[in-house]
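So the structure is just underneath, and the comments pick up after that.
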Amino acid sequence: MKTLPLFFNLNNKTVLIIGGGDIAHRKALLMAKAEARLVVIAKHFDDEFLNFLQSNHHQAHQKSFEPTDLNEHKPALVIGATDDHETNLSIHHAAKAHGVPVNIVDTPDLCDYIFPAIVDRSPIMIGVSSNGKAPVLARLIRAKIESSLPSRLGELAHKAGEFRQTVKNTLPTLTERRYFWESIFNRALKDEKIDSLSDELNQFKNTNNRSGEVYIVGAGAGDPDLLTFKALRLMQQADIVLYDALVSNEILELCRRDSQKIFVGKKRKDHAKTQDEINQLLVEYAKKGHRVLRLKGGDPFVFGRGGEEMLACQAANIPYQIVSGITAALAAGSYAGIPLTHRGVATSVRFLTGCYQTNEAFDGLKSAYQTDETLVFYMGLHALNKIVDSLIGSGLPSDLPIAIISNASLPTQQVLTGTLTDIVDKKDKSGISAPAIIIVGRVVDLYQPQ
Ligand code: SAH
């Protein structure tokens with residue numbers, strides 16, 4: 001982080017601006033909006049600028065800048081906006097000598113602070129900065145934020161500020177108050193008009209908004225871009241997050257910052273919590289009124305035991321939502337460039353597991369293999385030799401292509417291809433590691449190494 005965004009209270013503080021042209025004028029307007037008292041020093045003033053200063057009771061001094069101006073005016077901030085480098089340098093040095101933060105326009109080396117691109121929905125303020133690297137990008141981002149925020153937001157934030165104490169008196173717990181404000185602001189952000197906060201509060205009190213809820217959410221195969229909008233929304237609402245080993249830090253960071261995050265493990269043979277304990281935690285936290293997010297790799301209902309969590313919620317009468325995620329098989333196929341079905345090659349796909357709940361390894365196909373079929377194995381890497389032996393034993397051709405995709409969709413993704421005959425050897429030599437998806441079938445011939 002090169003600079004720290006802060007919001008500076010300039011109310012009734014003096015800002016010294018040196019320069020009488022267009023840029024100084026624009027900075028002066030901004031400072032005046034922040035209710036600063038302006039002292040402007042310039043050898044020449046644009047008429048319009050001078051007019052503005054005089055008619056708003058700011059000071060305009062038509063003279064050259066002297067370092068002693070700082071003694072006299074004791075500004076809280078200094079802005080140098082002259083086109084003379086020597087003068088700008090002297091402004092910078094004088095400000096430094098007085099310990100006053102200074103900005104010399106368009107000269108990053110001489111700036112203690114920079115002006116962000118601003119979205120003003122007072123009291124909501126948003127500043128965007130590229131730290132001088134890409135100001136056009138910062139402005140485009142500002143425009144994007146500007147167009148996505150309803151115009152009435154500022155007005156509502158004002159009213160909310162005045163109504164806070166009433167809400168505090170009415171809703172005793174922090175959690176309840178947070179739910180109330182979230183429901184109001186979420187609707188406002190969707191451009192819904194909120195007419196009366198006191199009506200809203202009464203309604204909130206009278207409906208049962210206090211019961212907790214469980215969100216069983218698929219986080220996708222690893223790349224955060226594979227999250228669904230719904231997953232992201234719930235991640236940003238949840239009070240408590242129970243997450244798996246397959247959920248990366250990058251994804252976890254997208255959860256609400258102040259949510260409590262609990263690792264419940266789920267690596268083979270390394271379960272930090274048993275499934276029963278997880279089910280119990282979900283129910284217990286929800287009963288206390290929390291919104292509990294069960295964040296799982298891939299899709300919750302594909303080898304994810306999300307079904308058991310759903311049944312636990314049903315049994316305890318806890319409201320729940322299930323959010324599908326992009327399962328590893330689909331991500332592995334698309335990120336490796338291996339279509340799971342392909343016209344004339346494969347017309348069906350079978351999802352299998354190389355490891356059963358009992359921890360036994362794969363013990364054969366339950367029904368005969370079709371030549372136009374793709375087999376996809378989850379949790380199979382450790383049992384690859386058994387899978388391959390069993391497939392060959394079931395009569396699959398030994399030259400049938402097979403691919404291992406590890407860390408699908410992540411920057412560490414690796415793809416290894418071979419045939420049923422040579423893949424075990426290749427895998428041992430390559431050191432490819434879990435998590436990995438194994439794809440078996442003619443579709444693997446479509447793979448093109450990048
Ligand atoms: N519910 C998850 C699967 C959990 S089982 C889903 O829908 O994807 C765990 C197995 O998923 C791993 O052993 C591995 O086979 C597979 N897996 C999960 N993420 C993966 C990834 N990024 N790349 C390859 N395989 C992955």
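Counting starts at 1 for both ligands and their atoms, in listed order. Keep in mind it's a predicted model, so treat the numbers as computed, not measured.
- Checking only distances, Val302 does come within under 3.5 Å of ligand 1, N or O to N or O.
- Checked by distance only, ligand 1 and Ser409 stay at 3.5 Å or farther apart across all their nitrogen or oxygen atoms.
- In this structure, the side chain of Thr107 engages the main chain of Val105 through a donor-acceptor pair within 3.5 Å.
- Heavy-atom distances between Ala436 and ligand 1 reach below 4.0 Å in at least one pair.
- Which of Ala408, Ala245, Ala328, Ala331 comes nearest to atom 17 (N) of ligand 1 through a heavy atom is settled by distance: it is Ala328.
- Between the choices Thr327, Thr353, Ile405, the shortest heavy-atom distance to atom 7 (O) of ligand 1 belongs to Thr327.
- Remark: minimum distance from atom 24 (C) of ligand 1 to any protein heavy atom is reached at Pro435 O, 3.4 Å.
- For ligand 1, the polar-atom distance check against Leu410 finds no nitrogen or oxygen pair separated by under 3.5 Å.
- Between Tyr243 and Phe263, the two ring planes are tilted [angle within 30° to 60°].
- Considering backbone and side-chain atoms alike, Ala221 places an N or O below 3.5 Å from some N or O of ligand 1.
- Side-chain atoms of Asp372 do not come within 3.5 Å of backbone N or O of Ala346 as any donor-acceptor pair.
- A donor-acceptor contact shorter than 3.5 Å links the side chain of Glu277 to the backbone of Thr274.
- Here the two rings, on Phe303 and Phe301, have centers that are 6.0 Å apart or farther.
- Using cut-offs of 30° and 60° for the angle between ring planes, the Phe180 and Phe163 rings count as tilted.
- Residue Gly222 places no heavy atom under 4.0 Å from ligand 1.
- Below 4.0 Å from some heavy atom of Ile437 lie the following atoms of ligand 1, by number and element: 24 (C), 25 (N).
- At a 3.5 angstrom cut-off on N or O pairs, Gly380 does not count as close to ligand 1.
- In this pair, Phe115 and Tyr113 present their aromatic rings perpendicular. The plane angle is above 60°, beyond the 30 to 60° band.
- Of the charged side-chain nitrogens involved, at least one lies within less than 4.0 Å of a carboxylate oxygen, so that Glu182 and Arg291 count as a salt-bridged pair.
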